[in-house]
> 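What follows is a single structure, and I will ask about it in a moment.
The figures that follow rest on heavy atoms only: side chains count, while hydrogens, waters and symmetry mates do not.
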Amino acid sequence: KELNDKYTLAKEIFTEREIFENIMFREINSQINFNGIDGIDSICDDFLTIMKDKGRKDYLTEKYNNWSKLATGKKAPEFEIIDNNGNIVKLSDFLGKFVYIDCWSSFCGPCISEMPEMKKLSDELKNENIIFVSISADNDKEKWLSKIKEFELNTINLCTEGATHKFNDDYNAKAFPRYILIDDKGFSSDAAAEKPSVIREELKQLL
């Protein structure tokens, strides 16, 4: 709602189209990076229609279409990622359970600040019908493993060794932190879910 209100106001104030486009491109791009397109479909449709810069328009259109594939109710893309024990873990391994994914990296301050909450949440709901998965984008395996040890994470711990893995492309997981919720039938429930310190009550209601 905040971005929708900002868009409407900016459209009224900035009669110079180039200024309006520059401001709203940054705002909408940032919103999509971290929160997806839920709730901003109408302004995205309107903005893409009036954009003059073809490069930016093509970029935003592609990003919008990629996020559309993760809309609630769509089949969540399968992934295969190596865990901290060297085993291949697939999303389909967890069919029948909800899956809450924490996408993070050791160089992301906000990611690290949520680690104690992730630990607390996964401990609290360990006997419920949900799996907690932590997926790091670290290139440095030692840094990744040291954070798992430091925070005593009892989650499923995976690493894509960078943000160019197929998982990162399929889930648009390029900016961190990012949290994803998948339902027990393997469908996307929220591709831009709340962080561990906020989502507790929502998960309890689901389970």
Side-chain angles (χ1 to χ4, degrees), residues 1-79 100-115 117 135-140 159-182 187-199 202:
K1 186 180 185 301
E2 182 181 344
L3 184 59
N4 283 273
D5 292 343
K6 187 179 292 186
Y7 182 80
T8 301
L9 183 60
K11 202 172 183 182
E12 293 175 358
I13 294 176
F14 300 107
T15 53
E16 172 54 57
R17 293 293 89 183
E18 185 176 351
I19 295 175
F20 169 73
E21 185 169 319
N22 287 340
I23 291 173
M24 291 316 304
F25 174 79
R26 289 195 299 270
E27 292 286 340
I28 292 173
N29 185 50
S30 176
Q31 173 76 13
I32 293 176
N33 277 340
F34 290 98
N35 301 300
I37 60 173
D38 285 352
I40 63 167
D41 305 61
S42 60
I43 66 170
C44 282
D45 289 342
D46 185 70
F47 189 57
L48 288 170
T49 300
I50 64 178
M51 287 183 78
K52 301 297 184 184
D53 187 313
K54 186 179 184 303
R56 284 180 168 180
K57 183 174 182 177
D58 290 346
Y59 172 84
L60 208 56
T61 298
E62 181 179 8
K63 181 169 284 191
Y64 180 89
N65 290 338
N66 286 339
W67 272 93
S68 296
K69 298 172 186 176
L70 300 170
T72 300
K74 294 281 184 74
K75 186 70 175 176
E78 176 68 294
F79 61 72
Y100 180 70
I101 302 173
D102 173 6
C103 305
W104 66 284
S105 70
S106 64
F107 49 82
C108 166
C111 300
I112 300 305
S113 68
E114 280 292 313
M115 287 297 182
E117 293 298 328
I135 303 180
S136 168
D138 277 290
N139 283 304
D140 189 325
C159 186
T160 58
E161 298 183 47
T164 58
H165 191 282
K166 187 175 184 299
F167 167 82
N168 300 90
D169 290 334
D170 288 345
Y171 284 87
N172 298 320
K174 304 287 186 177
F176 309 109
R178 170 80 180 288
Y179 305 96
I180 301 164
L181 182 62
I182 298 169
F187 292 91
S188 177
S189 181
D190 191 344
E194 294 284 6
K195 57 189 178 181
S197 58
V198 175
I199 202 171
E202 179 183 338

> Roughly how far apart are Asp41 CG and Trp67 CH2, rounded to 0.5 Å?
12.5 Å

> Does CD belonging to Glu62 count more than 12 external heavy atoms closer than 6.0 Å?
no

> When you compare the side chain of Asp102 with that of Met115, does any pair of heavy atoms fall below 4.5 Å?
yes

> Please identify which of these residues, Asn66, Ile37, Leu3, meets the side chain to side chain contact (heavy atoms under 4.5 Å, CB included) condition with Ile32.
Ile37

> When rounded to the nearest 0.5 angstrom, what distance separates NE2 in His165 from CD1 in Ile135?
8.5 Å

> Counting N and O atoms only, with roles assigned by atom type, does the side chain of Lys195 sit under 3.5 Å from a partner on the main chain of Tyr179, one being a donor and the other an acceptor?
no

> Is the cationic atom of Arg17 (NZ for Lys, CZ for Arg) positioned less than 6.0 Å from the six-membered ring centroid of Phe20 and within 45 degrees of its normal?
yes

> How close do Phe25 and Phe47 get, heavy atom to heavy atom, and via which atoms?
N-CZ, 3.7 Å

> Distance check, rounded to the nearest 0.5 Å: Asn33 atom CG versus Arg178 atom CZ?
9.5 Å

> Check this for me, if you would: do Lys6 and Glu27 make a salt bridge, where the nitrogen-to-carboxylate-oxygen distance has to be below 4.0 angstrom?
yes

> Within the distance-only criterion (no hydrogens, no angle test), does the side chain of Asp46 pair as donor or acceptor with the backbone N or O of Ser42 below 3.5 angstrom?
no

> Please report the C-alpha distance between Lys166 and Phe79 in whole Å, then the side-chain angles of each, then the deciding distance to 0.1 Å, and finally whether the side chain to side chain contact (heavy atoms under 4.5 Å, CB included) criterion is met.
CA-CA 8 Å; Lys166 187 175 184 299; Phe79 61 72; over 6 Å; no

> Testing the basics here: between Ile199 and Ala193, what is the closest heavy-atom pair and its distance to 0.1 Å?
CD1-CB, 4.0 Å

> For the pair Ser30 (side chain) and Arg26 (backbone), establish whether a donor and an acceptor sit closer than 3.5 Å, ignoring hydrogens and angles.
no

> Does a sphere of radius 6.0 Å around NZ in Lys63 hold more than 12 heavy atoms from other residues, nucleotides or ligands, not counting ones at 6.0 Å or beyond?
yes

> How far does CD of Gln31 sit from CG of Asn4, to the nearest 0.5 angstrom?
8.5 Å

> Applying the side chain to side chain contact (heavy atoms under 4.5 Å, CB included) criterion to Pro177, which one of Cys111, Ser105, Cys103, Ser113 satisfies it?
Cys111

> Is there a side chain to side chain contact (heavy atoms under 4.5 Å, CB included) between Met24 and Phe14? Walk through the geometry before answering.
CA-CA 11 Å; Met24 291 316 304; Phe14 300 107; over 6 Å; no

> If you look at every heavy atom in Glu194 and Tyr100, which pair is closest and at what distance?
O-OH, 2.7 Å

> Quick one: CD1 on Ile182 to OG on Ser188, what's the gap to the nearest 0.5 Å?
7.0 Å

> Rounded to the nearest 0.5 Å, what separation is found between the CE atom of Met51 and the OG1 atom of Thr61?
7.5 Å

> On a heavy-atom basis, which atom in Ser68 and which in Lys74 lie closest, and how many Å separate them?
O-NZ, 3.1 Å

> Under 4.0 Å between a side-chain nitrogen and a carboxylate oxygen: does that hold for Lys174 and Asp169?
yes

> Taking all non-hydrogen atoms of both residues, which atom of Gly73 and which atom of Phe187 are closest, and how far apart?
O-CD2, 3.2 Å

> I'd like to know if Asp53 pairs up with Lys57 as an ion pair, taking the criterion as any Lys NZ or Arg NE/NH1/NH2 lying under 4.0 Å from an Asp or Glu carboxylate oxygen.
no

> I'd like to know if the side chain of Tyr171 reaches the main chain of Pro77, judged simply by a donor and an acceptor atom lying under 3.5 Å from each other, with no hydrogens or angles considered.
yes

> Can you check whether Ser106's main-chain N or O pairs, donor with acceptor, with Asp138's side chain at less than 3.5 Å?
yes

